[in-house]
Amino acid sequence: MDNVQELREIVNPVFNTAKSCIQLDAAAGDEDSKQLLGILGFNQIGNEKSDAVVSPEVAEQVKKLFPVYAVYTESRFQTVNKLIETFPDCVVVDLPCGYTARGIKMSRQGRSYHGFDLPAVIDVIGPAAAKIHGGDNAIHYDAVDATNYETMEKALEGEKKLLITTEGLLMYFSQHELEEVFANIRRLLQKHGGSWIIVDRAYYTHDQTIADAILEHDPGMVALYAAVTKKAAGAVADVKFYDNVIFKNTDEEIMAFIEKMGFAAEKISMADYLPEQLGALKAMPQVETDVRDVFRDMYFWELTVKENSGIEIDKDLPFAVNSEFKDGKFSAQIQGRMDTITAPELLEKFKASEGVKEIEINLEKMSYVSSAGLRVLLMMYKSLEDKSRFQLVGVNDNVRDIMEVTGFDQLLM
């Protein structure tokens, strides 16, 4: 692994979850996913050599629960694909695209498509998908951070009428990051037009119900599913899941939040978009009816911009790191937003300084810090033998608020 890729993975490890999705889609029988999986070189589900970062014990338990995870992944992938077909005039913005074969399917339909994800994913999926779709110039893969408006807007320059889809994304954000994402997507839709489809809450709300139906109401297996899922998620992505309003509140409270962020929302039944056959349940026809019944209570949330909401949009300074290493002291002044895209620059400069005994970071001109940026600051703090020699100076109110909400102020300030 080259140095840049390694830094990206350290800054934001959640990209690891994307690998299991393409493996499960292929195992469920999707032909495009099978072909793409072969090009990517990832192992197939059940292969003796596993790509998983979980322990062998947990990996073995995951195999037993394969139908549950496969139904989640396949149904999410296929229902969104069918929903996209009902928006024929929109540019598809897949956030995050992961390693899935959606771009390949969009090329076959003649659709304009942007797959958005972290750099660690994009550097791999773009060239691999191009070997199948032949370099279709309407298919794009772009490295973005959803909390960073400029990265998304740069990728979408000149595009009109967007259909933004988020599936398996919002669960990773803290509340302040979620609000930043909502504000950024609102800006995109204000400029380009279109709507935003959210899938994540549907699976969170009905997670155990689906598992119960697939596992044929076996209490022991359902309990195993809950325990294994928690272990596997913690091993794959070093973040706190579901820690924002989308997952911690009622539908009514979420709707109030959506309106506060400048959107109108409409629910769309997911059952209407399920494929005629779920490949993951092909060998289990006795449970498919129960599973489909659960989907009758599951919904996409379609969000559109409410005009004249009074929300102001602030523009940020461009990101920059000015650093110095002298007599064992690493000093840096950070300007602009530090997130998944920009944080590796600070980490790279820090790692290039050997024998650091003291750290001073000036945040006077920092406009925003995401969990990826906080992770880098925490790594730097933990690297010191004498923690009292870590200092943040010039912390402005905006950054201070983020650190207080996330609890990082107790360690770093």
Side-chain angles (χ1 to χ4, degrees), residues 76 79-97 102-103 106 111-118 138-173 175-202 244-246 251 254-268 270 273 299-316 337 339-341 368 370:
R76 194 172 68 187
T79 55
V80 173
N81 288 346
K82 290 191 71 174
L83 181 66
I84 287 171
E85 292 176 8
T86 67
F87 293 81
D89 300 326
C90 291
V91 174
V92 179
V93 181
D94 196 6
L95 175 67
C97 64
R102 180 164 292 141
M106 294 300 103
R111 300 291 298 268
S112 182
Y113 171 89
H114 284 267
F116 283 0
D117 214 310
L118 303 174
I139 308 302
H140 310 273
Y141 289 93
D142 309 287
V144 308
D145 184 317
T147 66
N148 186 322
Y149 173 78
E150 282 72 22
T151 61
M152 294 191 289
E153 175 51 38
K154 181 179 179 181
L156 294 171
E157 186 176 357
E159 299 285 21
K160 295 180 180 179
K161 200 174 182 183
L162 311 176
L163 178 65
I164 301 173
T165 65
T166 53
E167 40 178 318
L169 174 71
L170 303 184
M171 67 186 72
Y172 297 113
F173 294 130
Q175 182 61 28
H176 78 84
E177 289 176 315
L178 181 76
E179 291 176 10
E180 194 77 8
V181 172
F182 266 74
N184 290 342
I185 292 182
R186 184 177 183 276
R187 273 178 85 177
L188 290 174
L189 294 180
Q190 274 187 311
K191 182 171 183 178
H192 299 273
S195 57
W196 176 20
I197 303 294
I198 296 175
V199 183
D200 297 7
R201 180 170 171 81
N244 62 59
V245 65
I246 298 296
D251 280 7
I254 295 169
M255 190 68 76
F257 168 76
I258 288 171
E259 291 181 359
K260 173 187 170 185
M261 296 305 298
F263 291 92
E266 178 183 351
K267 289 184 177 181
I268 303 172
M270 292 184 69
Y273 296 90
Y299 299 92
F300 299 110
W301 291 54
E302 181 185 1
L303 276 57
T304 52
V305 171
K306 287 175 60 179
E307 297 300 333
N308 303 317
S309 66
I311 295 176
E312 297 294 329
I313 297 171
D314 295 322
K315 291 191 175 181
D316 300 318
R337 306 169 49 87
D339 50 39
T340 297
I341 302 297
Y368 176 81
S370 74

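For the single chain, residues carry numbers from 1 onward in sequence order.
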Could you grab the distance from atom [atom1] of [X] to atom [atom2] of [Y], nearest 0.5 Å is fine?
{"X": "Met152", "Y": "Ile164", "atom1": "CE", "atom2": "CD1", "value": "7.0 Å"}
{"X": "Glu179", "Y": "Asn244", "atom1": "CD", "atom2": "CG", "value": "9.5 Å"}
{"X": "Thr166", "Y": "Leu303", "atom1": "OG1", "atom2": "CG", "value": "8.5 Å"}
{"X": "His192", "Y": "Leu162", "atom1": "NE2", "atom2": "CG", "value": "5.5 Å"}
{"X": "Tyr368", "Y": "Glu180", "atom1": "OH", "atom2": "CD", "value": "5.0 Å"}
{"X": "Leu189", "Y": "Leu163", "atom1": "CG", "atom2": "CG", "value": "9.5 Å"}

Inset, instruction - Test Asp339 against Ser370 for side chain to side chain donor-acceptor pair (under 3.5 Å), laying out the working first. - result: CA-CA 5 Å; Asp339 50 39; Ser370 74; 5.7 Å; no
At their closest point, which heavy atom of [X] faces which heavy atom of [Y], and how far apart are they?
{"X": "Ile246", "Y": "Ile254", "result": "O-CD1, 3.2 Å"}
{"X": "Pro96", "Y": "Asp117", "result": "CB-OD2, 3.3 Å"}
{"X": "Val245", "Y": "Leu178", "result": "CG1-CD2, 3.6 Å"}
{"X": "Ile139", "Y": "Gly103", "result": "CD1-O, 3.8 Å"}
{"X": "Leu169", "Y": "Asp200", "result": "N-OD2, 2.9 Å"}
{"X": "Ala183", "Y": "Met261", "result": "N-CE, 4.0 Å"}

Test of understanding: with ring pair (Phe, Tyr, Trp, His ring centres under 6.0 Å), list the residues that count as partners of [X], not counting sequence neighbours.
{"X": "His140", "value": "His114"}
{"X": "Tyr149", "value": "none"}
{"X": "Tyr113", "value": "Tyr141"}
{"X": "Tyr273", "value": "Phe300"}

Inset, instruction - Enumerate the residue pairs fulfilling salt bridge (charged side-chain N to carboxylate O under 4.0 Å, His left out) with a member in residues 151-164, sequence neighbours excluded, ordered by first and then second residue. - result: Glu153-Lys191
Inset, instruction - Go through the steps for Phe173 and Phe182 under the test side chain to side chain contact (heavy atoms under 4.5 Å, CB included), then give the verdict. - result: CA-CA 11 Å; Phe173 294 130; Phe182 266 74; over 6 Å; no
Inset, instruction - Sequence neighbours left out, what passes side-chain contact (heavy atoms from CB on, under 4.5 Å) with Ala264? Give chain and number order. - result: Thr304, Lys306
Inset, instruction - Sequence neighbours left out, what passes side-chain contact (heavy atoms from CB on, under 4.5 Å) with Ala143? Give chain and number order. - result: Pro119, Ile122
With a 3.5 Å cut-off and sequence neighbours excluded, list the donor-acceptor pairs that the side chains of residues 81-89 form with protein atoms.
| unit_1 | atom_1 | unit_2 | atom_2 | d |
| --- | --- | --- | --- | --- |
| Asn81 | OD1 | Arg102 | NE | 2.6 |
| Asn81 | OD1 | Arg102 | NH2 | 3.2 |
| Asn81 | ND2 | Phe77 | O | 3.2 |
| Thr86 | OG1 | Leu83 | O | 2.6 |

Inset, instruction - Mind checking side-chain hydrogen bond (donor to acceptor under 3.5 Å, both in side chains) for Ser112 and listing every partner two or more places apart, or none if nothing turns up? - result: none
Legend entry - With Thr151 via side-chain hydrogen bond (donor to acceptor under 3.5 Å, both in side chains) - residues at least two apart: none
Inset, instruction - Output, in order, the C-alpha distance, side-chain angles, deciding distance and verdict of side chain to side chain contact (heavy atoms under 4.5 Å, CB included) for Ile268 and Tyr299. - result: CA-CA 5 Å; Ile268 303 172; Tyr299 299 92; 5.9 Å; no
Inset, instruction - Using atom types as modelled and distance alone, determine if a side-chain donor or acceptor of Asp142 lies under 3.5 Å from a backbone N or O of Ala155. - result: no
Legend entry - Side-chain heavy-atom pair Trp301, Ile197 within 4.5 angstrom cut-off: no
Legend entry - salt bridge (Lys or Arg N to Asp or Glu O under 4.0 Å) partners of Arg111, counting only residues at least two apart: none
Legend entry - Among Leu95, Val93, Asp94, side chain to side chain contact (heavy atoms under 4.5 Å, CB included) partner for Cys97: Asp94
